[in-house]
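In what follows, a single structure is set out as structure tokens and then discussed.
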Amino acid sequence: MRALAAVIIPLVCASCFFATKSDFDKLQQDIVGTRATSNASDSVQRAYLVEVTRTVRTLNDSINALSRRMNSMRTANEADLAAMKEDISQLQDLSGQSEQKLRDMRAAVEEKTAQVDPSQVTDSASAGAAPVSGPGPAQLLQAGRDQLLKGGNVSARAAFSELITKYPRSDLVPEAMFFTAQAFTAERNPEAADQQYAALITRFPNSPRVPTAMYKRALQMQSAKKTTAAKALFQEIIKRFPRSDEAALADERLQSIK
């Protein structure tokens, strides 16, 4: 029995030893395989991250380039718009100067016409014709404007009133009415000014002064808290005179009222 035990025990131990080593080798192979799989997965992830980073960088570059282009276009448009406004302002100044020169010329012609030779006046009177006396409409308008610039509002209104009364068919009547309203405004009499603007708009709807007169009336309404009426008049200015400066100003007022 002792001899049998001596033979069996070493064999059992040897079999246990070989089984344990086999398991260890298998475990080691599994670890190596797992590491290889993990390394491959990490490699794929790194490649994906690199690609995503490259794509994001490309998108950022494109966005920055587009932003620079938009800023450049905006700057160019603003510069063009400023240049257009400057040209319009210069044209308006030239137009105003031309109108002023034309009025001065008309006033000068009227003044010379008024200086009639006495013999001609006598002949005209004997023929039954009424001699021309007093300043003409252009002279009266110029005199009224001169007084208005000096602050002589009452004298200015007197000259404008004389023009309207003596020369009701003159093409300068709308101008006289407009500056009469300006004189009332300078005297801080907005109600009288508004009446003059309203009369101008009604009597001479095709006058170049109508858009300004309408805008002045709308401002007065807004100042008097007549918001609904003011909005309606601003909208009418934009509808009737869409290309006028008053239309642009009316639009800004409407935006502020909202």
Side-chain angles (χ1 to χ4, degrees), residues 70-71 73-100 103 141 144-145 147-149 151-154 156-161 163-164 168-258:
M70 290 181 64
N71 290 333
M73 292 175 62
R74 184 181 303 166
T75 302
N77 290 335
E78 290 176 353
D80 292 342
L81 185 59
M84 290 176 62
K85 288 183 177 180
E86 181 65 23
D87 292 341
I88 291 173
S89 178
Q90 292 179 358
L91 288 173
Q92 288 176 339
D93 292 341
L94 290 174
S95 176
Q97 293 175 5
S98 298
E99 290 179 0
Q100 182 61 39
R103 284 194 292 266
L141 181 66
R145 292 196 63 183
Q147 290 295 323
L148 193 61
L149 291 174
N153 300 310
V154 176
R157 287 194 291 105
F160 298 141
S161 178
L163 189 161
I164 295 169
R169 296 183 179 181
S170 172
D171 59 341
L172 296 179
V173 170
E175 293 288 309
M177 296 178 68
F178 179 83
F179 287 114
T180 298
Q182 295 283 73
F184 279 126
T185 301
E187 293 175 351
R188 298 184 179 180
N189 190 347
E191 291 78 11
D194 184 71
Q195 290 177 1
Q196 283 294 319
Y197 287 133
L200 168 60
I201 295 167
T202 302
R203 289 183 57 186
F204 304 97
N206 297 322
S207 171
R209 293 293 186 180
V210 168
T212 307
M214 293 175 65
Y215 183 72
K216 296 285 188 181
R217 291 202 71 203
L219 290 180
Q220 171 58 25
M221 292 175 183
Q222 189 178 9
S223 177
K225 308 300 181 182
K226 299 178 181 178
T227 307
T228 303
K231 287 178 64 176
L233 196 50
F234 284 136
Q235 291 168 349
E236 185 180 354
I237 293 170
I238 295 172
K239 182 178 179 180
R240 288 181 58 184
F241 310 100
R243 298 183 179 180
S244 65
D245 293 339
E246 289 77 10
L249 294 173
D251 184 63
E252 291 179 2
R253 286 284 177 173
L254 286 174
Q255 296 298 327
S256 66
I257 290 175
K258 292 179 181 180

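Judged as a side-chain hydrogen bond (donor to acceptor under 3.5 Å, both in side chains), and not counting sequence neighbours, the contacts of T212 are E246. With sequence neighbours excluded, the residues satisfying side-chain contact (heavy atoms from CB on, under 4.5 Å) with P190 are Q220. For A232, there are no side-chain contact (heavy atoms from CB on, under 4.5 Å) partners at least two apart in sequence or on another chain.
At least one side-chain heavy atom of M177 sits under 4.5 Å from a side-chain heavy atom of F204. Between T227 and Q222, the closest side-chain pair of non-hydrogen atoms is not below 4.5 Å. In this structure, the side chains of M214 and Y197 stay at 4.5 Å or more apart for every pair of heavy atoms. Within the 4.5 Å cutoff, no side-chain heavy atoms of L200 are placed close to those of T180. The closest side-chain heavy-atom distance from F178 to E175 is not below 4.5 Å.
A donor-acceptor contact shorter than 3.5 Å links the side chain of S244 to the backbone of F241. Counting only distance, with no hydrogens or angles, the side chain of S256 and the backbone of R253 share a donor-acceptor pair below 3.5 Å. Side-chain atoms of S223 do not come within 3.5 Å of backbone N or O of L219 as any donor-acceptor pair. Between the side chain of S161 and the main chain of R157, no donor-acceptor pair closer than 3.5 Å is present.
The two atoms that bring I238 and A250 nearest to each other are CG1-CB, 4.0 Å, heavy atoms only. Across all non-hydrogen atoms, the minimal contact from P168 to V173 is O-CG2, 3.6 Å. A193 approaches T185 most closely through the heavy-atom pair CB-OG1, 3.4 Å. Heavy atoms only, all atoms of each residue included: P174 and S170 are closest at CD-O, 4.2 Å. Taking every heavy atom of both residues into account, G144 and A156 meet most closely at O-CB, 3.2 Å.
A distance of 15.5 Å separates CD of E236 from NZ of K231, quoted to the nearest 0.5 Å.
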**Message:** side chain to side chain contact (heavy atoms under 4.5 Å, CB included) for Q147 and N153? Distances and angles first, verdict last.
**Reply:** CA-CA 7 Å; Q147 290 295 323; N153 300 310; over 6 Å; no
**Request:** Take L249 and F234 through the test side chain to side chain contact (heavy atoms under 4.5 Å, CB included) and record every step on the way to the result.
**Result:** CA-CA 9 Å; L249 294 173; F234 284 136; over 6 Å; no
**Prompt:** Can you check side chain to side chain contact (heavy atoms under 4.5 Å, CB included) on Q196 and Q182, steps first, answer last?
**Reply:** CA-CA 9 Å; Q196 283 294 319; Q182 295 283 73; over 6 Å; no
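For the side chain to side chain contact (heavy atoms under 4.5 Å, CB included) with Y215, the qualifying choice from I237, V210, D245, L233 is I237, the only one to do so.
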